[in-house]
Amino acid sequence: MGFAVSSPSVFALLDGNNFYCSCERVFDPSLNGQPMVVLSNNDGCSIARSDEAKALGIKMGAPWFQIRHLEQTAGLKAYSANFELYGDMSHRMMTMAETLGCGQEVYSIDECFLDMTGIPDATERARRKQAEILQGIGIPTCIGIAHTKTLAKLANHIAKSADRKPGSYPPQLGKVCNLAEMTDRQRDWLFNRTAVTEVWGVGPRIGKQLNAAGIHTVLNLKRLDPATVKRNWSVVLERTVRELNGVSCFSMDNVPEPKQQIACTRSFGQKVTALAELKEAVTEFAGRAAQKLRGQNSQANAVLVFIHTSRFRVQDKQYAKSITVPLRLPTADTLRIVGAALMGLERIFRPGYNYAKAGVMLLDLQAATVAQQELDLGDDARETEVRNGRLMAALDALNDRYGRGTLKLGSALVEGRDARQRSRWVMKQERRTPRYTTRWDEVMAVT
DNA sequence: TCTGGGGTCCTAGGACCC
DNA sequence: TCTGGGGTCCTAGGACCC
């Protein structure tokens, strides 16, 4: 019997380049090479930028009204976010990416970790997978490979920079960068020319503190004593330092855990002052949140509702308030959840303000097990639960089949208002492309 | 005029208990 | 006059992520 040599973990991080922009480009190739941005809800600010838009100096989160002039002067193209399209494209990309490793953790809409432990020729396989995804669904990707998740994220950053910023790193590290196959010297050489703020887990706040302490590069941070880091910063940053040194502290999360809280919050298309309109919005948000809750087979024990004015309108009187309404029994019933949210809204509403945003959050979630449905209710109450359960299932099935918002509660409309008239709170989306892949009536026509 | 949305984890501090 | 200490649970707020 030979020795069981356990090879060290190898993680890959695959992500779609400028993902939302790339999705739009798949369906409109004339956008290739053009400066373009995808805008947040309400066409508020830029949440995705093509390389060409980045080159124009457009920052992540830049308010649209501040960069809008570039439409005329630089040919900038802008699109309202089309999350239904991006979600579907994401699913296709993740399905193809999965077979690169022997385990996959979908980390966000545009990136996933893959377990490549013990897989030979990781770099070559990664390059083949990348070509396959580009050919199959048209999304360009970058892949970072290393012995820890933090290092894989860093490798991914190097792969991107080497590809797009000539001179930043050796060009052969472009698109796929495998730190696991390098020597310590080679890695440190790269770390020495990478800013500490690029490290996963180092945000603006900690970045500033590290800089003030003379820590400017990844190599500087890697060489700090973990105990000192824990004392001066936190256990979180301590783990990051260990990970930079090749000690894996974050493992793969192959099966997604159910969410511990579920939110639906929106900024309004226009300022809202009337309680009736806030009720309409909160009814809608609570309904959406309840649907997500049922989607992961959970129940909530509390509902939080908040409203606030716009901090950017300095001339306005400001008001912000939230309230948590406990539910008597854990539930996923839209009617109960909406009821609790509206009760909370009535409590915190104050007249005389220009409201800019509201939201509903479901808290203290638990699994909706059979045992909980068998709670000791009276016959009438149990009958109501069962009836509502069937009603909710029917609601979800219809909305699932015919598109979100096909069927909603009557109270989601302000009484007396013409149903065809748009409410003030509904978000503005003036630049959305068709939902090519998920709506029959918006499928691309090939002529 | 116009500034997103949805999450997680950690920590400090208060309430409460013995 | 002297005025403990350790544990747990909960919540609010901060920091980070995409």
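Throughout, a chain's letter reflects where its sequence line sits, starting with A, and its residues are numbered from 1. The structure displayed is predicted, hence computed values, not measured ones.
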[X] [atom1] to [N] [atom2], straight-line distance once rounded to whole Å:
X      : N      : atom1 : atom2 : answer
A:L293 : B:dG6  : CG    : C1'   : 15 Å
A:D364 : B:dT8  : CG    : C1'   : 16 Å
A:Q66  : B:dG4  : CD    : P     : 11 Å
A:D43  : B:dT3  : CG    : P     : 11 Å
A:I47  : C:dC17 : CD1   : P     : 18 Å
A:I109 : B:dG5  : CD1   : P     : 16 Å
A:F83  : C:dC18 : CZ    : C1'   : 11 Å
A:Y107 : B:dG6  : OH    : C1'   : 13 Å

[options]: which one has an atom nearest the side-chain heavy atoms of [X]?
X      : options               : value
A:F65  : B:dC2, B:dG4, C:dC18  : B:dC2
A:S108 : B:dG4, C:dA15, C:dC18 : C:dC18
A:K259 : C:dC16, B:dG7, B:dT3  : B:dG7
A:V235 : B:dT11, B:dG4, B:dT8  : B:dT11
A:S267 : C:dC16, B:dT3, B:dG5  : B:dG5
A:K271 : B:dT3, C:dC18, B:dT8  : B:dT3
A:C45  : B:dT3, B:dG7, B:dG5   : B:dT3
A:P204 : B:dG6, C:dC16, B:dT3  : C:dC16

Are A:Y79 and A:W64, when compared by the centres of their aromatic rings, separated by less than 6.0 Å?
no
So what does [X] touch, heavy atoms closer than 4.0 Å: a base, only the sugar-phosphate, or nothing?
X      : answer
A:D110 : sugar-phosphate
A:V38  : nothing
A:I206 : sugar-phosphate
A:I262 : sugar-phosphate

[X] and [Y] ion-paired at < 4.0 Å:
X      : Y      : answer
A:E243 : A:R239 : no
A:D333 : A:R294 : no
A:R231 : A:E238 : no
A:R223 : A:D188 : yes

Within less than 4.0 Å of OP1 or OP2 of [N], is there a side-chain N or O belonging to [X]?
X      : N      : result
A:S234 : B:dT11 : no
A:R313 : B:dT1  : no
A:Q260 : B:dC9  : yes
A:K153 : C:dC18 : yes

For the residue pair A:T148 and A:R242, confirm or rule out a side-chain donor-acceptor distance under 3.5 Å.
no
Ignoring hydrogens and angles, state whether a donor on the side chain of A:S80 or A:D43 is under 3.5 Å from an acceptor on the partner side chain.
yes
Taking atom C1' in both B:dC16 and C:dG4, what distance in whole Å separates the two?
16 Å
Name the stems with DNA chain B in them: runs of three or more consecutive Watson-Crick or G-U pairs, distances under 3.5 Å?
B:5-18 with C:5-18
Can you confirm if the NZ or CZ of A:K317 lies within 45° of the ring axis of A:Y353 and under 6.0 Å from the centre of its six-membered ring?
yes
After noting the C-alpha distance and the side-chain angles of A:R25 and A:E52, does the key distance pass the salt bridge (Lys or Arg N to Asp or Glu O under 4.0 Å) rule?
CA-CA 13 Å; A:R25 283 174 168 179; A:E52 298 79 9; 3.0 Å; yes
On DNA chain B, compare the nucleotides closest to A:K357 and A:Q261; which residue's is nearer the 5' end?
A:K357
Contact nearer the 5' end of DNA chain B, comparing A:R68 with A:T265
A:R68
